[in-house]
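Structure record follows, encoded as structure tokens.
None of these values were measured; they are calculated from a predicted model. Proteins come first, then strands; the chains are lettered A, B, ... in the order of their sequence lines, and each starts at number 1. Just the heavy atoms: all of them, side chains too, but no hydrogens, waters or symmetry mates, feed the values below.
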Protein chains: 2
Amino acid sequence: MKKRGTGRKKRRLIFDRKGIEAFAIRLKEVRKKTGISQSQLAFEAGISLSQVARIETARINPTLSTVFAVARALNVSISELFLFNLPTE
Amino acid sequence: MKKRGTGRKKRRLIFDRKGIEAFAIRLKEVRKKTGISQSQLAFEAGISLSQVARIETARINPTLSTVFAVARALNVSISELFLFNLPTE
DNA sequence: CCCACTTATAGCACAAGTGCTATAAATATT
DNA sequence: AATATTTATAGCACTTGTGCTATAAGTGGG
């Protein structure tokens with residue numbers, strides 16, 4: 001008996017764990033290289049500190065706007081932030 | 001008199017309109033180059049058609065997972081999808 | 001051992017992304 | 001022109017990203 005409500009089809013959202021993890025690693029790497037703290041990055045990017053931490057620990061699936069803000073704050077191009085091999089899902 | 005509830009500070013989310021628009025243009029460009037329809041792209045990427053349309057018309061701020069899925073479906077690297085100058089916000 | 005700083009978690013409230021479905025509008029094709 | 005295909009909108013329900021605040025855990029200096 002696994003009726004979900006009234007025969008509602010289950011929506012499957014995507015959460016690309018591997019990709020998100022790869023990005024997390026890359027971001028931390030770039031941030032470290034510029035020598036700033038998560039807190040400073042958050043301030044510069046205009047996002048919250050908790051959000052930076054959540055991204056670097058791959059807990060969330062950030063939006064493009066957030067990524068753009070981070071790239072600007074780190075003074076790197078978007079391409080540079082994605083210099084890693086996107087793992088096959 | 002513009003009290004919002006009980007003195008709650010307004011949270012400001014970011015929505016990088018210019019960046020999102022630049023990405024929309026770039027995506028449409030890459031998709032066209034591969035000669036597939038929004039519908040096909042959606043299917044290949046495992047996302048909904050409405051989502052592809054919303055992205056290409058810059059109506060939403062997609063997540064990284066969505067972008068990753070699209071890149072895989074188009075057989076391009078993430079960097080390639082971001083081959084445009086990120087406009088200053 | 002303290003202390004300051006940094007990073008990681010947690011919970012709440014709210015805003016927004018996403019899937020799904022349906023439909024309209026625009027664009028090709030015959 | 002008529003038809004088919006593609007693209008754009010819209011609304012709903014559900015899920016999740018985000019800010020904010022607080023707190024714990026890790027780290028390095030003195």
Side-chain angles (χ1 to χ4, degrees), chain A residues 2-17 19-21 23-70 73-74 89, chain B residues 3-17 19-21 23-70 72-74 89:
Chain A
K2 50 181 56 176
K3 275 245 263 235
R4 181 176 296 275
T6 10
R8 196 155 206 65
K9 208 187 297 180
K10 187 177 183 188
R11 298 186 312 158
R12 58 175 74 269
L13 302 197
I14 57 182
F15 185 101
D16 184 345
R17 193 176 55 78
I20 294 297
E21 279 171 0
F23 180 71
I25 293 172
R26 176 66 181 151
L27 171 58
K28 177 166 284 195
E29 183 176 291
V30 175
R31 178 178 60 79
K32 288 283 177 76
K33 195 171 303 180
T34 75
I36 67 175
S37 68
Q38 290 183 349
S39 176
Q40 290 174 279
L41 171 55
F43 177 76
E44 295 291 341
I47 66 179
S48 60
L49 166 60
S50 54
Q51 192 66 351
V52 174
R54 286 187 287 222
I55 295 172
E56 289 197 359
T57 50
R59 276 176 175 52
I60 54 148
N61 179 16
T63 64
L64 268 196
S65 290
T66 301
V67 174
F68 289 164
V70 166
L74 290 172
E89 246 236 298
Chain B
K3 273 243 261 238
R4 183 176 295 276
T6 12
R8 196 154 207 65
K9 208 188 297 181
K10 186 177 185 188
R11 299 186 308 159
R12 57 175 75 268
L13 303 198
I14 55 180
F15 185 101
D16 184 345
R17 193 176 55 80
I20 294 297
E21 278 171 1
F23 179 71
I25 293 172
R26 176 66 180 151
L27 171 57
K28 177 165 285 197
E29 181 176 292
V30 175
R31 179 179 59 80
K32 289 280 177 79
K33 196 172 301 180
T34 76
I36 67 175
S37 68
Q38 289 183 349
S39 177
Q40 290 175 278
L41 172 56
F43 177 77
E44 295 291 340
I47 66 178
S48 61
L49 166 60
S50 53
Q51 194 65 351
V52 174
R54 285 187 287 222
I55 295 171
E56 289 197 358
T57 49
R59 277 176 174 51
I60 55 148
N61 179 15
T63 64
L64 266 197
S65 291
T66 300
V67 173
F68 289 165
V70 166
R72 289 200 191 90
L74 291 172
E89 248 238 298

A/Q51 CD to C/dT6 P, straight-line distance once rounded to whole Å = 20 Å
Please tell me which of the listed nucleotides, C/dG19, C/dA15, C/dA10, lies nearest to the side chain of B/R54?
-> C/dG19
Value in whole Å for how far the C1' atom of C/dC14 lies from CZ of B/R12 | 15 Å
Compare the minimum distances between each of C/dT21, C/dT18, C/dT7 and the side chain of A/K28, then state the nucleotide with the smallest one.
-> C/dT7
Candidate nucleotides D/dT15, D/dG19, D/dT9, ranked by approach to the side chain of A/I47 - the nearest = D/dG19
Pick the nucleotide of DNA chain C nearest each of B/T66 and B/L49; which residue has the one closer to the 5' end?
-> B/T66
Atom CZ of B/F23 and atom C1' of C/dG17: how far apart are they, to the nearest Å?
-> 14 Å
Rounded to the nearest angstrom, tell me the gap between atom CG in B/L64 and atom P in C/dT18.
-> 10 Å
Here the distance between atom P of D/dA13 and atom CG of A/L13, to the nearest Å, is 17 Å
Whole-Å distance between C/dT9 P and A/E56 CD?
-> 12 Å
Quick one: A/I55 CD1 to D/dG19 C1', roughly how many Å, whole number?
-> 13 Å
B/S37 side-chain N/O to D/dT5 phosphate OP1/OP2 under 4.0 Å | no
Measure from the side-chain heavy atoms of B/R11 and tell me the nearest of D/dT9, C/dT9, D/dT18.
-> D/dT18
Answer yes or no: is there an ion pair linking A/K32 with A/E29, defined by an N-O contact shorter than 4.0 Å?
-> no
Does A/N61 have a side-chain nitrogen or oxygen under 4.0 Å from the phosphate oxygens OP1 or OP2 of D/dG17?
-> yes
Would you state whether a donor and an acceptor, one from the side chain of A/S50 and one from the base of D/dC20, lie under 3.5 Å apart?
-> yes
Is B/I14 touching bases, backbone alone, or none of the nucleic acid, heavy atoms closer than 4.0 Å?
-> nothing
Could you check which of D/dT18, C/dT18, C/dT6 has an atom nearest any side-chain atom of A/I60?
-> D/dT18
Atom CZ of A/F43 and atom P of D/dC20: how far apart are they, to the nearest Å?
-> 13 Å
Could you tell me the separation between the CG atom of A/L74 and the NZ atom of A/K33, rounded to the nearest 0.5 Å?
-> 11.0 Å
Got a second to check how far B/T66's OG1 is from B/I47's CD1, nearest 0.5 Å?
-> 6.0 Å
Which one of A/L27, A/I55, A/V52 satisfies the side chain to side chain contact (heavy atoms under 4.5 Å, CB included) criterion with A/Q38?
-> A/V52
Checking D/dT9, C/dG19, C/dA8 against the side chain of A/Q38 (C-beta onward), the nearest is C/dA8
What residue among A/Q51, A/K28, A/R26 forms side chain to side chain contact (heavy atoms under 4.5 Å, CB included) with A/E56?
-> A/K28
First of A/P62 and B/Q40 reached from the 5' end of DNA chain D, by closest nucleotide | B/Q40
Between A/N61, A/D16, A/T63, which is the residue that forms a side chain to side chain contact (heavy atoms under 4.5 Å, CB included) with B/L64?
-> A/N61
Is the shortest side-chain N/O distance from A/S39 to OP1 or OP2 of C/dC5 below 4.0 Å?
-> no
N/O (side chain, A/R59) to phosphate O (OP1/OP2, C/dT7) under 4.0 Å = no
